[in-house]
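Only one structure is covered here, and it is reproduced in the block below.
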Amino acid sequence: MLRSLECVGEWNGKTLLNTGTSSTAEAEHAAAWAARKGVPYLDAAILCFPQDIGTERGYVLFSGSPEAWARHEELIAALGPATRFVSEQAQAASAVDLTIVGGVYVAALAAYVDAAAYAHSQGVSSDVLDEATDKVLAALKDGAKEAVAAIGSGDFTTDQATLSVFTHGGETCLDGMRGAGFAANVLEAAVRNLKTAEAAGLGGSSFYALAQVAGGDSAVGRQQ
């Protein structure tokens with residue numbers, strides 16, 4: 001993108017807005033490039049499907065120049081009512097995109113397709129699967145909120161099912177799916193991560209202690 005913009009000679013009064021999917025490093029690079037040109041920069045993360053743009057389901061996050069956001073907010077709001085500015089850090093919107101779309105939606109949907117195919121092979125009806133899915137997704141929503149709180153506080157204590165319980169339960173599920181001829185690669189990766197955390201001495205902590213072996217430079221890499 002930036003190479004194609006080098007031919008632009010006059011940026012006065014303009015704002016550079018990137019709506020393409022990019023990594024956090026690419027967003028930072030683009031923001032630095034724009035700063036050298038003296039151009040206000042906004043980076044966007046589109047967290048909805050194309051058909052949702054401009055409707056009630058339109059959800060686009062922006063980060064970068066707060067001045068540029070204030071100047072163009074009314075125009076940008078046409079993308080959807082949930083469109084919002086999240087941070088002056090140019091890479092923030094991209095980080096949410098990578099987290100929610102890549103890290104959660106893609107991985108979770110892939111895991112669900114694997115699991116639903118297995119359930120179908122075992123004679124489970126669509127009605128039963130739909131009902132069970134609704135119940136589990138409600139629990140997952142609660143679990144996601146608990147995960148954010150635990151990771152933010154660094155407190156991974158629990159009086160409920162421990163990480164080891166999830167590890168052994170995951171192994172049982174994996175063995176069952178593999179025994180029926182299913183690869184269950186996403187579940188295998190999850191179990192592998194749980195085993196890594198268990199080997200690190202986190203078996204008695206909550207499931208969210210996985211954050212302590214996830215890597216990165218956050219403050220969660222410590223045991224409570």
Side-chain angles (χ1 to χ4, degrees), residues 1-113 137 140-153 186 189 208 210-211 214-220:
M1 177 192 74
L2 299 180
R3 183 175 300 174
S4 64
L5 292 175
E6 286 291 352
C7 62
V8 179
E10 179 56 60
W11 286 98
N12 186 40
K14 296 181 175 64
T15 296
L16 178 57
L17 168 60
N18 175 35
T19 59
T21 301
S22 59
S23 68
T24 51
E26 288 171 332
E28 290 179 300
H29 178 65
W33 182 92
R36 291 194 297 271
K37 298 285 186 179
V39 187
Y41 178 76
L42 285 172
D43 200 78
I46 301 176
L47 303 180
C48 61
F49 290 104
Q51 62 266 29
D52 298 327
I53 296 294
T55 73
E56 290 296 312
R57 300 183 67 176
Y59 184 41
V60 186
L61 302 183
F62 289 84
S63 55
S65 168
E67 293 79 17
W69 169 260
R71 186 179 309 121
H72 302 293
E73 180 179 2
E74 185 176 349
L75 174 63
I76 292 172
L79 297 174
T83 296
R84 59 188 295 245
F85 182 79
V86 294
S87 175
E88 294 184 24
Q89 301 297 316
Q91 76 277 13
S94 177
V96 177
D97 190 15
L98 270 61
T99 298
I100 300 302
V101 176
V104 176
Y105 185 82
V106 172
L109 194 56
Y112 185 79
V113 170
L137 287 181
L140 179 61
K141 183 177 180 180
D142 292 338
K145 290 183 177 180
E146 292 175 1
V148 170
I151 294 169
S153 67
V186 181
Y208 316 125
L210 274 174
D217 56 0
S218 64
V220 300

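What you see below is based on every heavy atom in this structure, not just the backbone, and it leaves out hydrogens, waters and symmetry mates. What you see is a predicted model; the values in this text were computed from it and never measured.
Checked by atom type and distance alone, the side chain of Ser153 pairs as donor or acceptor with a backbone atom of Ala150 at under 3.5 Å. A donor-acceptor pair is defined here as one N or O able to donate and one able to accept, closer than 3.5 Å; such a pair exists between the side chain of Glu26 and the backbone of Ser23.
Of all heavy-atom pairs spanning Ala44 and Leu17, the tightest one is CB-CD1, 4.3 Å. Considering every non-hydrogen atom in both Ala92 and Ser63, the closest pair reads N-OG, 3.7 Å. Residues Pro40 and Ala68 approach most closely at CB-CB, 3.8 Å, considering heavy atoms. Nearest heavy-atom pair, Asp97 versus Ala45, reported as atom, atom and distance to 0.1 Å: CB-CB, 3.6 Å. What you find for Val186 and Ala107 is that their closest heavy atoms are CG1-O, 3.8 Å. Here the closest non-hydrogen pair linking Ala34 and Tyr41 is CB-CB, 3.7 Å.
Phe49 and Tyr105 have perpendicular rings, their planes meeting at more than 60° on a 0 to 90° scale where under 30° would count as parallel.
No more than 12 heavy atoms of other residues, nucleotides or ligands lie within 6.0 Å of CD in Glu56, so this atom counts as exposed by the packing criterion.
In this structure, CG in Asp52 is found 11.0 Å from CD1 in Ile46, a value given to the nearest 0.5 Å.
Side-chain contact between Cys48 and Arg57 is absent, with no heavy-atom pair separated by less than 4.5 Å. Contact of the Arg84 side chain with the Val86 side chain is registered, since non-hydrogen atoms from C-beta on lie closer than 4.5 Å. Contact check for Leu16 versus Trp33: side-chain heavy atoms found under the 4.5 Å cut-off.
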Check step by step if side-chain contact (heavy atoms from CB on, under 4.5 Å) holds for Phe85 and Ile76.
CA-CA 10 Å; Phe85 182 79; Ile76 292 172; over 6 Å; no
**Study point:** Test log, rule side-chain contact (heavy atoms from CB on, under 4.5 Å), inputs Leu47 and Val60
**Key:** CA-CA 6 Å; Leu47 303 180; Val60 186; over 6 Å; no
Chi angles and distances behind the side-chain contact (heavy atoms from CB on, under 4.5 Å) call for Leu79, Phe62: CA-CA 12 Å; Leu79 297 174; Phe62 289 84; 3.8 Å; yes
Let me see the working for Thr15 and Val39 under side-chain contact (heavy atoms from CB on, under 4.5 Å), right down to the final yes or no. CA-CA 6 Å; Thr15 296; Val39 187; 5.6 Å; no
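Put simply, the residue from Thr19, Asn18, Thr24 that forms a side chain to side chain contact (heavy atoms under 4.5 Å, CB included) with Asp43 is Asn18.
Looking at Glu67 and Ser65, their side chains do bring a donor and an acceptor atom within 3.5 Å of each other.
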